[in-house]
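Presented below is the structure to which this report refers.
Every chain is numbered from 1, with letters handed out A, B, ... down the list of sequences.
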There are 2 protein chains.
Amino acid sequence: MTRPDLDRRGMSARLSDRDWASILDTCSEVVEIPARTLVSRRDEPLDRSLLLVEGLMSRHVPGPYRDRREMVALEVPGDFVDLHSFPTGRLDHDVSTVDDCRLAVFPHSALRKLVHIQPETGIALWSMTVTDSAIHRYWSFRVGALPAMGRMANFIAEMELRLRLAGLAHDGRFSLPLTQSDMGEACGMSAVHINRVLRDLREDGCCSIQSGWIEIHDLERLHRIGHFEPTFLLGEQDYIVGR
Amino acid sequence: MTRPDLDRRGMSARLSDRDWASILDTCSEVVEIPARTLVSRRDEPLDRSLLLVEGLMSRHVPGPYRDRREMVALEVPGDFVDLHSFPTGRLDHDVSTVDDCRLAVFPHSALRKLVHIQPETGIALWSMTVTDSAIHRYWSFRVGALPAMGRMANFIAEMELRLRLAGLAHDGRFSLPLTQSDMGEACGMSAVHINRVLRDLREDGCCSIQSGWIEIHDLERLHRIGHFEPTFLLGEQDYIVGR
DNA sequence: CGTATGCTTGAATCACGTCAACTGATGTGG
DNA sequence: CCACATCAGTTGACGTGATTCAAGCATACG
């Protein structure tokens with residue numbers, strides 16, 4: 001396959017020109033996957049990793065009861081979805097699409113070759129999985145230390161930041177095709193309570209959601225309620241203020 | 001410094017002889033740090049990573065209120081404490097000792113040299129940060145999807161497993177010098193409630209804690225209450241059943 | 001000794017979850 | 001084309017699990 005012509009956005013935008021070009025050379029194909037499809041199952045051996053080009057994906061662990069699962073990550077365009085399966089060849093959780101997705105496929109064998117030839121590019125890839133880890137820590141913090149309203153605000157603030165960095169949020173408006181149950185799984189609370197908190201945030205003049213679109217009216221207040229500090233994701237130098 | 005003579009236990013036991021030897025060659029010193037000491041502050045540039053040889057360490061993000069912080073990880077001997085700061089040169093959270101610790105220091109410059117010479121060793125190091133990430137996901141799951149008793153049981157089960165793999169738990173007995181407030185920060189609940197749940201677990205004949213020592217009386221039941229599945233940490237093949 | 005720190009327990013409160021009913025939108029098959 | 005099912009959202013009533021406040025103890029320490 002000739003090198004695909006993919007935008008370098010969001011997380012991948014941190015890669016240097018050289019790293020990005022070399023990585024793209026290892027891409028075997030670009031695939032499209034419909035919404036709500038299970039893409040990888042945990043404990044299955046994996047021999048490729050995916051870069052999300054378009055759409056939204058979730059990572060989750062099956063919960064204690066048949067219906068209850070916990071979302072542990074949400075991926076936006078520019079993210080490597082399961083690059084962490086490269087060093088170990090397996091995954092400890094499931095991966096699904098949320099809406100229709102376009103994905104670039106990178107065989108582990110090709111990545112391994114690349115890492116041997118250009119160890120510096122390997123470190124760049126490594127650092128993407130490290131950022132993924134920082135996001136996990138922030139999810140722990142959110143669910144463990146914040147009350148319902150703060151959790152919701154913090155979650156929305158994170159999505160706004162990441163989608164903005166991926167060029168997909170403008171003036172505090174962005175698409176987020178999650179159901180309230182999805183958000184419940186992500187924030188560790190019931191769908192019903194999500195609904196109420198969303199109403200409170202709307203009545204507070206903070207932000208509003210309708211049919212998968214979020215509009216933020218007061219970003220500063222949203223950050224305050226959610227104790228959101230954008231630097232968890234970025235070096236200070238990258239911190240982009242405001243909208 | 002000549003290569004220090006350190007045990008390869010727990011997480012580091014997964015490294016091959018060759019990787020382990022090469023990594024040890026990059027060790028600049030071994031230091032001792034007293035209990036309850038802040039070792040690294042978040043957002044500070046870091047030029048070295050640490051391997052925990054002896055003792056217990058915690059990683060936490062300062063919480064919304066002066067007193068409330070959230071613990072995002074707990075490190076046991078054999079763990080690399082902040083290897084994830086190598087690719088990026090910074091940390092998004094604080095690192096502290098819990099009790100007296102012995103730590104091996106690895107300058108990033110030396111690690112970088114090693115990764116260039118032996119990319120395969122780099123991938124081995126990478127995979128240790130990936131396992132760290134898997135633990136984060138499990139913490140998210142615990143706090144987000146389990147009720148108080150399940151959280152506590154799950155947490156204790158994880159500690160038992162990791163300490164056992166590090167050779168520090170025998171017959172379900174091990175030292176865990178955490179206060180109930182510490183456990184509260186780790187499990188996202190109040191210290192008072194930790195106390196009550198601990199009593200319930202004891203009365204259930206599950207496990208008991210006194211003065212920093214945990215004794216598990218019924219591991220299977222503990223796993224059931226905590227919905228604990230040891231495979232989150234390990235490949236199937238490594239799964240060590242029972243005590 | 002006295003003071004600090006961690007553990008323990010009770011009582012009051014409240015933030016959430018659960019259950020249930022109703023709505024509107026979308027889709028499907030007879 | 002309509003009857004019916006399904007699924008997301010919304011809201012109310014109710015119960016409960018967890019927090020908070022408070023007090024009492026034990027132990028370690030200067």
Student check: side-chain heavy atoms of B:Val192 and B:Gln180 closer than 4.5 Å: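 No, every pair of side-chain atoms sits at 4.5 Å or beyond.
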Near-ring test B:Phe141/B:Phe232, centroid separation under 6.0 angstrom: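 No, too far apart.
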Qualifying side-chain hydrogen bond (donor to acceptor under 3.5 Å, both in side chains) pairs, either residue in residues 139-159 of chain B, two or more places apart: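 Passing the test, one end in residues 139-159 of chain B: B:Trp139-B:Glu158, B:Arg142-B:Asn154, B:Arg142-B:Glu158, B:Glu158-B:Arg162.
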From D:dT11, C:dT9, D:dA8, nucleotide with atom closest to A:Thr179 side chain: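 Of D:dT11, C:dT9, D:dA8, D:dA8 is nearest to the side chain of A:Thr179.
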Pair A:Asp182, A:Thr179: side-chain N/O donor-acceptor within cut-off below 3.5 Å: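 Yes, side-chain donor-acceptor contact under 3.5 Å.
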Whole-Å distance separating the CZ atom of B:Arg36 from the C1' atom of C:dG6: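 In whole Å, C:dG6 C1' and B:Arg36 CZ are 11 Å from each other.
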Separation of C:dG6 P from B:Met183 CE (nearest whole Å):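 Whole-Å distance recorded here is 12 Å.
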Intermediate values then yes/no, salt bridge (Lys or Arg N to Asp or Glu O under 4.0 Å), A:Arg59 and A:Asp79: CA-CA 12 Å; A:Arg59 293 154 57 190; A:Asp79 290 343; over 6 Å; no
Euclidean distance, A:Leu38 CG relative to A:Thr97 OG1, rounded to 0.5 Å: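 Here the interatomic distance stands at 9.0 Å.
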Under 4.0 Å: is that the gap between some side-chain N or O of [X] and OP1 or OP2 of [N]?
{"X": "A:Asn195", "N": "D:dT10", "value": "yes"}
{"X": "A:Gln180", "N": "D:dC7", "value": "no"}
{"X": "A:Gln210", "N": "D:dG9", "value": "no"}

Which atoms of nucleotides 16-18 of chain C (N or O only) lie under 3.5 Å from a protein N or O atom, and what are those distances?
unit_1: C:dC16; atom_1: OP1; unit_2: A:Ala148; atom_2: N; d: 2.9
unit_1: C:dC16; atom_1: OP2; unit_2: A:His193; atom_2: NE2; d: 3.4
unit_1: C:dG17; atom_1: OP1; unit_2: A:Ser190; atom_2: N; d: 3.2
unit_1: C:dG17; atom_1: OP2; unit_2: A:Ser190; atom_2: N; d: 3.4
unit_1: C:dG17; atom_1: OP2; unit_2: A:Ser190; atom_2: OG; d: 3.1
unit_1: C:dT18; atom_1: O4; unit_2: A:Arg196; atom_2: NH2; d: 3.2

